[in-house]
Amino acid sequence: MVSEQDLIGAWQLIAHYYLEDDGSTSEGPLGDDAVGLLIYHQSGHMAASMMRTRPATDGTATYLGSADDFLSYAGRWQLREGAVVHRVSIGSHARVIDTEQVREVLLTDGRLRLRRRLGGPHDYVVMDWQHA
């Protein structure tokens, strides 16, 4: 079982993809090269930012620049019944402000997996994180 202490700190996005009930995967909404930072503070505050990128010729990532290519929000967090709940107070998209974003949580070998059930056309969106 994941504890609050397990989550505290900064996490770097390492994978972002869709997962189907049959186990198949496909590129996530921000593409295969998405980058992100997730921070859980012991005070109960949190912040998450993710963006679409494309590989540059020198191996670094380059921001594409569209409002649809960036998602960020912050607020409070808590663990609840095998999930982490983000209570969003500010965000880059109005649709997430004043909502609870619930993510199934799994911690394996120091890697954090957050998974959210979708209403279709995909079954889940998955975000894998490692300590930054």
Side-chain angles (χ1 to χ4, degrees):
M1 180 129 213
V2 176
S3 72
E4 289 181 357
Q5 191 61 39
D6 292 331
L7 297 184
I8 292 171
W11 298 84
Q12 179 180 345
L13 185 68
I14 55 174
H16 185 230
Y17 55 93
Y18 290 118
L19 173 67
E20 309 309 333
D21 286 331
D22 66 8
S24 64
T25 62
S26 60
E27 181 177 296
L30 295 176
D32 286 337
D33 298 311
V35 295
L37 183 64
L38 174 62
I39 300 169
Y40 291 116
H41 192 270
Q42 62 191 8
S43 68
H45 290 90
M46 61 79 53
S49 295
M50 297 177 11
M51 69 182 205
R52 176 185 294 274
T53 64
R54 66 171 177 237
T57 55
D58 65 358
T60 62
T62 304
Y63 176 53
L64 295 180
S66 166
D68 292 331
D69 293 335
F70 179 77
L71 172 65
S72 181
Y73 63 73
R76 309 270 309 162
W77 72 280
Q78 70 180 66
L79 288 174
R80 184 190 308 153
E81 301 173 2
V84 62
V85 179
H86 301 159
R87 291 187 316 270
V88 180
S89 56
I90 62 170
S92 60
H93 293 73
R95 68 181 177 268
V96 300
I97 298 170
D98 294 326
T99 66
E100 284 193 347
Q101 298 294 311
V102 180
R103 307 288 187 260
E104 296 173 25
V105 61
L106 178 67
L107 190 62
T108 306
D109 297 325
R111 298 219 169 159
L112 175 64
R113 172 164 292 169
L114 300 181
R115 184 173 85 161
R116 180 171 61 102
R117 172 70 91 169
L118 301 174
H122 300 283
D123 296 317
Y124 296 93
V125 63
V126 178
M127 292 146 283
D128 291 334
W129 306 83
Q130 68 183 10
H131 271 288

What's the separation between atom [atom1] in [X] and atom [atom2] in [Y], rounded to the nearest 0.5 Å?
X	Y	atom1	atom2	value
Q101	R87	CD	CZ	13.0 Å
S92	F70	OG	CZ	5.5 Å
R115	L106	CZ	CG	9.0 Å

For [X] and [Y], indicate whether the former's side chain and the latter's backbone hold a donor-acceptor pair under 3.5 Å.
X	Y	answer
S26	Y17	no
R52	P29	yes
S3	D6	yes
S72	S49	no
W77	H41	yes

- Task: Step by step, work out the side chain to side chain contact (heavy atoms under 4.5 Å, CB included) result for T99 and V88.
- Result: CA-CA 6 Å; T99 66; V88 180; 4.2 Å; yes
- Query: Does the ring centre of W11 sit less than 6.0 Å away from the ring centre of H131?
  - Reply: yes
- Assess the pair H86 and Y40: is the distance between their ring centroids shorter than 6.0 Å? yes
Would you say that [X] contacts [Y] through its side chain, given a criterion of any heavy-atom pair below 4.5 Å between the two side chains?
X	Y	answer
E104	R113	no
L114	W129	yes
V85	L79	no
L19	T25	yes

Tell me whether [X] shares a hydrophobic cluster with [Y], the cluster being built from Ile, Leu, Val, Met, Phe, Trp, Tyr side chains joined at under 4.5 Å.
X	Y	answer
I8	V2	yes
V105	M127	yes
M46	L13	yes
V126	I14	no

- Would one find more than 12 heavy atoms of other residues, nucleotides or ligands at under 6.0 Å from atom CG of D22? yes
- Task: Answer yes or no: are there more than 12 heavy-atom neighbours, outside R117 itself, under 6.0 Å from its atom CZ?
- Result: yes
Where [X] and [Y] come nearest, the two heavy atoms and their spacing:
X	Y	value
L30	D69	CD2-O, 3.9 Å
L38	A48	CD1-CB, 3.8 Å
A83	V102	CB-CG1, 3.8 Å

- Query: Between V125 and H16, is a side chain to side chain contact (heavy atoms under 4.5 Å, CB included) present by the stated rule, with each step listed?
  - Reply: CA-CA 7 Å; V125 63; H16 185 230; 3.7 Å; yes
- Item | Stepwise side chain to side chain contact (heavy atoms under 4.5 Å, CB included) test for I39 and L37 | CA-CA 7 Å; I39 300 169; L37 183 64; 4.0 Å; yes
- Item | Electrostatic pair E100:R80 at N-O distance under 4.0 angstrom | yes
- Item | Salt bridge flag under 4.0 Å for residues D123 and R116 | no
- Message: Would you call the rings of Y18 and H122 parallel, tilted or perpendicular, taking 30° and 60° as the class edges?
- Response: parallel
- Query: Should L112 and D128 be marked as a side chain to side chain contact (heavy atoms under 4.5 Å, CB included) after you check the CA-CA gap, both sets of side-chain angles, and the distance that decides it?
  - Reply: CA-CA 6 Å; L112 175 64; D128 291 334; over 6 Å; no
